[in-house]
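Notes to accompany the following structure.
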Amino acid sequence: MASQRRKAREEFFDRLDQLDDLSDSETQLDTSSGAKDALRPDSTRRSTRSKSVKPSLQKAASSPQVLTAPVPPVTLLPAASAPGRPTASLKRARSDAVPPSSKLKRNAKRKQETVVPAQALIFPPEMCFLFVPNRGLTSLQQSQIDEAEKHGARLAAEFSKNVTHIVVDSNWTLSQALEELPDKCHPTGITMVNWTWVVESLLYGLRDSDQHRFRVKGATGTTSLHQTSSTDKRPAPSTDHDLMVAEPKQRNVGQTTPQKNGRAASEADPELSRNETDKNAQTDDQDELDLLQKEMDKNDPAIEDLMEHDPSSKFEGNYVIEQSSNGNLEHGSFSCMNKNERNRSSSNPNQVTIRLLNQMAEIYDANTADQWRARAFKQAASALARQKELVATEEQAAKIRGIGASIAPKIEEIVTKGRLARLDEANNDPLHKTRVLFSRVYGVGGAQAAAWVAAGYTTLDDLKRYVGLTPNQRIGIEHFDDFETRIPRAEVVQHGLIVDHALKQTDQELKMYIGGSFRRGSPDSGDIDILITKEGAGMEQIQTVVMDTLIPQLKQQGFIVAELASGHWTDKETPSKWMGASVLPGQSIWRRLDILFVPWEELGAALIYWTGNDFFNRSLRLLASRKKMRLNQHGL
DNA sequence: AGGCAGTACTG
DNA sequence: CAGTAC
DNA sequence: GCCT
């Protein structure tokens, strides 16, 4: 029995290995494949969590290390450099060597590494930074500069010929920055970047400075002030595949990624379905990012090495056998088996339809009894998001998986009339609208919203006066707009840095990962998910450190402004997460922050879960359950 | 007709 | 436990 | 509401 189960699990992983082949070294799929070895060893350990690690778990326990091995550890966020492209790293680990091509590059760094032991050189020695301003810095900025220095940054006290990079406070404009510089200085040929560039480089390795998000406010990118990035790329051309995250999605829009069976690919982002602002995302970054990607692929032979060493090929046989013995599990039924589909958001011709369908979903979502109908609308919308052509007729629509007899005509209606009667109907019903509004409050669902509407409340202000609010709901109302505002990627990084900074003061060995849509490469996120782990540590240990030290410290410094849920100890269970809100210094907008306590052995499963997206997770779990297994955030 | 992911936290 | 969130 |  036990061996059967093990075998079944092996097969499951073989399928995941197979996915490596389908996956495109970006987003969810490689996360799962990279994490799978960590996941593999034990599923029952939850009950034995506090016991010592069994020998069979060694692989799991060491897996993140293995993943990290080929790249120099980044001290600021040590773990960050590992699993971003787990597929790649895993493959490298399996072939037991750094690919020759990247060996060369890394050897070039060896010298400095001995000078700065245990530190990864991020900034090559020829770079010299002038920070603007360089006085009156916040302590956070100061610590970031220190960190940069530890990673090879040379700092200039004032402007000189040696300066290669001028790093400007992200809130400063170009003209403000220029005022800080000596009159005569005309920084031609000097790269001007904003603070984010340094921060992201610290986190993920040297970033290409020639990207929009690193541009100094008010700079036009092509001025003489903004040198091209070629000099940046030379010293460390391959840093990108050390990322813990996918690059922002839009970059690959131009790439064609043929589907296995003509059918559309993965489900859409939750972001996509929940928030249409996503869809207007930076078109202007696309070309740039696309070019960057091509450039990197071209410049980085390591990528080809990885392809050659692709281990998935050896599982081909298994895959075929399994398929024939499991006819039901037709490949196309599981979105988690599909390659990530890019080319959705901005360029999708079905945008209007998608938006309206998602509004339908939101309406049904506000009604607990209609959760499945809501789910169907969301899935239909995400199916449309994968279409490359406009779906205009009922017949076209009905052919798409996930769109059936009821939604298909609605799609035609939307395309021909530009509106959906059923939706207008709901929107014209004030009670309906109010219910939807209320259910958007954090801590309020369909049941509560309906009850309040029934009780005659009509506005959020009404609710504020209502005494029966839970503390969380009150926060949800007070910060209704805050929590609905998307968080730019750069700000997610800032939150991560602050947490990491506090973390390091507590225990150098604590590691953190930013998960969620950030990890999938989204240009913005709805909330911030931070996983905290430590080699060899169990849930209790992480929980204790975080709750006793980290959270209080972050509260004290005014970063954490609210606690929404922090769990409680029971006989058997250790709290596994903390949920709350944080604010960046000098800002006022509250952000939803989740901190997850991840036992070292569960890192693989946790990364799968907390990278998502939702549809991917649900699909993968469904697949597991069809195979008589269960997948959750702790393991398989 | 029955399933649709699986778990954690609050009150 | 129901409701809510992830 | 869709799929099996």
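Note on naming: letters A, B, ... go to the chains in the order of the sequence lines (proteins, then strands), and numbering restarts at 1 for each one. Here the structure is a predicted model, which means the values were calculated and not measured.
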| Excluding sequence neighbours, so at least two apart, what forms ring-ring contact (aromatic ring centres under 6.0 Å, His included) with A/Phe483? | none
| query | Roughly, in whole Å, what's the span from CZ in A/Phe615 to C1' in C/dC6? | reply | 14 Å
| message | Judged by each residue's nearest nucleotide on DNA chain B, which is more toward the 5′ side, A/Gln633 or A/Trp372? | response | A/Trp372
| Can you tell me how far C1' of B/dG6 sits from CG of A/Leu622, to the nearest Å? | 12 Å
| query | Which whole-number value in Å describes the distance from A/Asn632 CG to B/dC9 C1'? | reply | 16 Å
| task | Look at the side-chain N and O atoms of A/Arg618 and state whether any lies under 4.0 Å from the OP1 or OP2 oxygen of B/dA5. | result | yes
| field | Rounded interatomic separation in angstrom, taking NZ from A/Lys378 and P from D/dC2 | value | 15 Å
| field | Any residue meeting salt bridge (charged side-chain N to carboxylate O under 4.0 Å, His left out) with A/Asp461, in chain and number order, not counting sequence neighbours | value | A/Lys464
| remark: Considering only heavy side-chain atoms of A/His568, the closest of B/dG11, D/dC2, B/dT10 is B/dT10
| remark: Dot-bracket for DNA chain D, 5' to 3', Watson-Crick and G-U pairs with both distances under 3.5 Å, [ ] for crossing pairs, | for partner on another strand, reads ||||
| note | Those residues at least two apart in sequence (or on a different chain) that pass ring-ring contact (aromatic ring centres under 6.0 Å, His included) with A/Phe480 are none
| Does NZ or CZ of A/Arg489 come closer than 6.0 Å to the centre of the six-membered ring of A/Phe518, within 45° of the ring's axis? | yes
| said: Base of B/dG6, side chain of A/Tyr609 - is there a donor-acceptor contact under 3.5 Å? | reply: yes
| task | Identify, with sequence neighbours excluded, every residue that meets ring-ring contact (aromatic ring centres under 6.0 Å, His included) alongside A/Tyr364. | result | A/Phe377
| What integer distance in Å separates A/Trp610:CH2 from C/dA5:P? | 14 Å
| query | In whole Å, what is the span from the CD1 atom of A/Ile363 to the C1' atom of D/dG1? | reply | 15 Å
| said: Can you pull out every side-chain hydrogen bond (donor to acceptor under 3.5 Å, both in side chains) where at least one residue sits in residues 426-443 of chain A? Sequence neighbours excluded, please. | reply: A/Arg440-A/Glu484
